[in-house]
Amino acid sequence: MKKKVSAVITEQTELAPHIYSLRLKTELAAYACPGQFIGIYPRDGSRLLMRPISICDADNEELRMVYRAGGKGTIEISSYKEGDTLDILGVLGNGYDINAVSGKKVLLLGGGIGIPPMLYAAKKLKSAGIDCNAVLGYADGNTFLKDDFESVCPTFVASMDGSVGTKGTVIDAINAEDLKGDAFFSCGPMPMLKAVKAYAAEHSMKAYISLEERMACGVGACLGCVVKTNETDGHTHVKNTRICTEGPVFEAEVVDI
Ligand SMILES: Cc1cc2nc3c(=O)[nH]c(=O)nc-3n(C[C@H](O)[C@H](O)[C@H](O)COP(=O)(O)OP(=O)(O)OC[C@H]3O[C@@H](n4cnc5c(N)ncnc54)[C@H](O)[C@@H]3O)c2cc1C
Ligand code: FES
């Protein structure tokens, strides 16, 4: 299901400085999978492009997104209140394949604004009876969504300034807590994803990573979001893939990051 609809805001709350929890009542909620995203359109005509935001949670009626209001579009989106409407396009992309990790133990790694999609993944893994732990990496003591994770699965925290949990990154927390697993589901900044890919290769683990890079159309038309894969074709010897349609979730070993 992919279409543009108007959705009613049922919650707009600031969880931490500039980090907002947005709930939207929409028929699209029934089709959402973890790792997928929606495009939210600012209303201001000078900001034409949708803002891609991951699905943090969903039931049959509502989508929840948690986002940072940093640039013009997201700051505008954060100004709307309960009862207002937003145009959204969704649901977009390919998410985490829960069946691929059946019978395995999954470590969910979220860094910064890559933390939100891990919550829906944790819930879906739990309801499929798949063992998981969450490891959340924050900049500081603003541990948004930590309580939500703790109600779903064992949760470990790292912070760059050392104010909560292990000082450092999610990889530092894995080492400090001696966490073991068969696969990673991961979303976060590129340096973190590179470290996750390297750790997985070293420890013979599978890593599924979500690439939240710049996007424009969100539907495969503009090629503004391509990433190189490690596959080649006989003609050009390189093979690109589109993050918005083939991703944003990829097996780490497939993409050249
Ligand atoms: C698949 C995916 C999922 C994402 N999920 C989340 C999420 O759950 N929470 C969250 O806070 N952020 C998420 N992001 C990042 C979010 O889309 C950008 O922070 C946001 O689009 C920036 O818009 P702006 O109005 O704040 O900034 P502006 O500077 O006004 O943006 C200008 C243009 O650049 C694009 N752009 C700028 N930065 C990014 C970026 N990092 N990724 C994609 N497009 C960008 C915008 O969409 C817009 O078209 C996600 C990105 C992708 C690709
Ligand atoms: S954003 Fe246009 S092809 Fe991906």
Side-chain angles (χ1 to χ4, degrees), residues 2 4 12-24 32-58 63-80 86-96 108-122 136-139 142 144-145 148-149 185-193 208-229 239-250 255 257:
K2 190 189 293 178
K4 189 172 174 184
Q12 176 86 273
T13 317
E14 195 169 12
L15 300 179
H18 313 296
I19 306 286
Y20 288 83
S21 174
L22 171 70
R23 284 182 208 266
L24 296 174
C33 296
Q36 289 189 300
F37 62 101
I38 60 167
I40 306 181
Y41 291 90
R43 281 194 216 150
D44 185 316
S46 67
R47 300 165 200 143
L48 286 178
L49 295 173
M50 55 108 194
R51 271 40 178 181
I53 303 292
S54 296
I55 291 159
C56 168
D57 203 355
L63 290 174
R64 183 186 190 193
M65 278 66 54
V66 169
Y67 67 98
R68 175 180 288 131
K72 285 186 180 159
T74 48
I75 288 172
E76 186 205 311
I77 289 163
S78 72
S79 72
Y80 298 118
L86 285 168
D87 285 345
I88 61 173
L89 176 67
V91 284
L92 302 175
N94 276 312
Y96 296 97
L108 297 153
L109 309 181
I113 208 60
I115 289 172
M118 292 299 124
L119 181 63
Y120 193 33
L136 312 177
Y138 295 95
N142 283 310
F144 59 91
L145 290 177
D148 298 67
F149 278 92
F185 280 4
S186 183
C187 185
M190 193 53 85
M192 172 184 146
L193 298 181
Y208 300 89
I209 58 176
S210 180
L211 302 179
E212 296 196 341
E213 290 296 286
R214 278 183 177 263
M215 261 180 205
C217 73
V219 292
C222 73
L223 304 185
C225 66
V226 291
V227 62
K228 240 199 267 175
T229 70
K239 192 156 182 256
N240 292 324
T241 187
R242 294 164 300 185
I243 294 173
C244 66
T245 42
E246 281 77 46
V249 177
F250 295 96
V255 282
I257 59 166

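Atoms within a ligand are numbered from 1 in the order they appear, just like the ligands themselves.
Close approach of ligand 2 to Cys244 is summarised as follows: ligand atoms under 4.0 Å from at least one heavy atom of the residue are 1 (S), 3 (S), 4 (Fe). Taking every non-hydrogen atom of Gly73 and a distance limit under 4.0 Å, the qualifying atoms of ligand 1 come out as 25 (O), 30 (O). Of all the atoms in ligand 1, the ones that sit under 4.0 Å from a non-hydrogen atom of Lys72 are 25 (O), 30 (O). Atoms of ligand 1 found under 4.0 Å from any heavy atom of Arg68 (numbered from 1 in listed order, with element): 10 (C), 11 (O). Within the listing of ligand 2, atoms 1 (S) sit less than 4.0 angstrom from a heavy atom of Ala216. Every atom of ligand 1 with a heavy atom of Met215 under 4.0 Å away is listed here by number and element: 1 (C), 43 (C), 44 (N), 53 (C). Near Tyr67, the atoms of ligand 1 lying under 4.0 angstrom from a non-hydrogen atom of the residue are 9 (N), 10 (C), 11 (O). Taking a cut-off of under 4.0 Å to the non-hydrogen atoms of Ala221, the atoms of ligand 2 that pass are 3 (S). Of all the atoms in ligand 2, the ones that sit under 4.0 Å from a non-hydrogen atom of Gly218 are 1 (S), 2 (Fe). Remark: ligand 2 atoms within the under-4.0 Å shell around heavy atoms of Leu223 are 2 (Fe), 3 (S). The Cys225 neighbourhood of ligand 2 comprises atoms 1 (S), 3 (S), 4 (Fe), with distances under 4.0 Å to a heavy atom of that residue. Listed by number with element, the atoms of ligand 2 under 4.0 angstrom from any heavy atom of Gly220 are 3 (S).
For atom 19 (O) of ligand 1, no protein non-hydrogen atom is found at a distance below 4.0 Å.
With respect to atom 26 (O) of ligand 1, the closest heavy atom belonging to the protein is Thr74 OG1, 2.4 Å. Scanning the protein for heavy atoms near atom 17 (O) of ligand 1, the closest one is Pro52 O, 2.6 Å. Ranking protein heavy atoms by distance to atom 27 (O) of ligand 1, first place goes to Gly71 CA, 3.4 Å. Distance from atom 36 (N) of ligand 1 to its nearest protein heavy atom, with residue and atom name: Arg214 NH1, 3.7 Å. The protein non-hydrogen atom at the shortest distance from atom 42 (N) of ligand 1 is Glu213 O, 3.1 Å. At the shortest separation from atom 10 (C) of ligand 1 among protein heavy atoms lies Ile113 CG1, 3.2 Å. The single protein non-hydrogen atom nearest to atom 31 (O) of ligand 1 is Arg51 NH2, 3.5 Å, given as residue, atom name and distance. Regarding atom 12 (N) of ligand 1, its nearest protein heavy-atom neighbour is Ile53 CD1, 3.8 Å.
Backbone and side-chain nitrogen or oxygen atoms of Glu212 are examined, and one is located within less than 3.5 angstrom of a nitrogen or oxygen of ligand 1. By the 3.5 Å distance cut-off applied to N or O atoms, Phe37 is not counted among the residues near ligand 1. Note: no N/O pair closer than 3.5 Å links Pro116 and ligand 1 by distance alone.
Atom NZ of residue Lys4 and atom CG of residue Asp87 lie 5.0 Å apart, to the nearest 0.5 angstrom. Note: Ile209 CD1 to Leu193 CG = 5.0 Å, rounded to the nearest 0.5 Å. To the nearest 0.5 angstrom, Glu212 atom CD is 10.0 Å from Ile243 atom CD1. Once rounded to the nearest 0.5 Å, the distance linking CG of Leu223 with SG of Cys244 reads 8.5 Å. Here CG of Leu63 is found 11.5 Å from OG of Ser54. Values are rounded to the nearest 0.5 Å.
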Discussion item. With side-chain hydrogen bond (donor to acceptor under 3.5 Å, both in side chains) as the criterion, how do Ser21 and Arg64 come out once you've worked through the C-alpha distance, each side chain's angles and the decisive distance to 0.1 Å?
Written reply: CA-CA 7 Å; Ser21 174; Arg64 183 186 190 193; 2.9 Å; yes
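Contact annotation for Met50 and ligand 1: only backbone heavy atoms (N, CA, C, O) come within less than 4.0 Å of the ligand. Only the backbone of Val66 comes within 4.0 Å of ligand 1, judged by heavy-atom distances. Contact annotation: for Leu49 versus ligand 1, heavy atoms closer than 4.0 Å belong to the side chain alone. Looking at Val219 against ligand 2, nothing comes within 4.0 Å, counting heavy atoms.
Using a distance-only test at 3.5 Å, with no hydrogens or angles considered, a donor-acceptor pair links the side chain of Arg51 to the main chain of Leu49. Put simply, the side chain of Tyr20 never gets that close to the backbone of Ser79: no donor and acceptor are under 3.5 Å apart. Arg242 places a side-chain N or O within donor-acceptor distance of the main-chain N or O of Gly220, the cut-off being under 3.5 Å. The backbone N or O of Ile77 sits less than 3.5 Å from a side-chain atom of Gln12, completing a donor-acceptor pair. No donor-acceptor distance shorter than 3.5 angstrom exists from the side chain of Tyr96 to the backbone of Cys33, with no hydrogens or angles considered. Under a 3.5 Å cut-off, the side chain of Glu76 and the backbone N or O of Lys72 do not form any donor-acceptor pair. Between the side chain of Thr229 and the backbone N or O of Thr241, no donor-acceptor pair lies under 3.5 Å.
Closest of all the heavy-atom pairs between Leu22 and Tyr67 is CB-CE2, 3.8 Å. Pairing each heavy atom of Cys187 with each of Met192, the nearest pair is O-CE, 3.6 Å. Scanning both residues, Cys56 and Leu119, for their nearest heavy atoms gives O-CB, 3.7 Å.
Checking Cys222 against atom 2 (Fe) of ligand 2, an N/O/S atom falls under the 2.8 Å cut-off. Here Cys217 does not reach atom 4 (Fe) of ligand 2: none of its N/O/S atoms is less than 2.8 Å from the metal.
Judged by the shortest distance from any of its heavy atoms, Met65 lies outside the 4.0 Å radius around the atoms of ligand 1.
Taking the six-membered ring where the residue is Trp, Phe185 and Tyr208 present perpendicular rings, their angle passing 60° and hence far from 30°.
For residues 12-23, the salt bridge (Lys or Arg N to Asp or Glu O under 4.0 Å) pairs, not counting sequence neighbours, are Glu11-Arg23.
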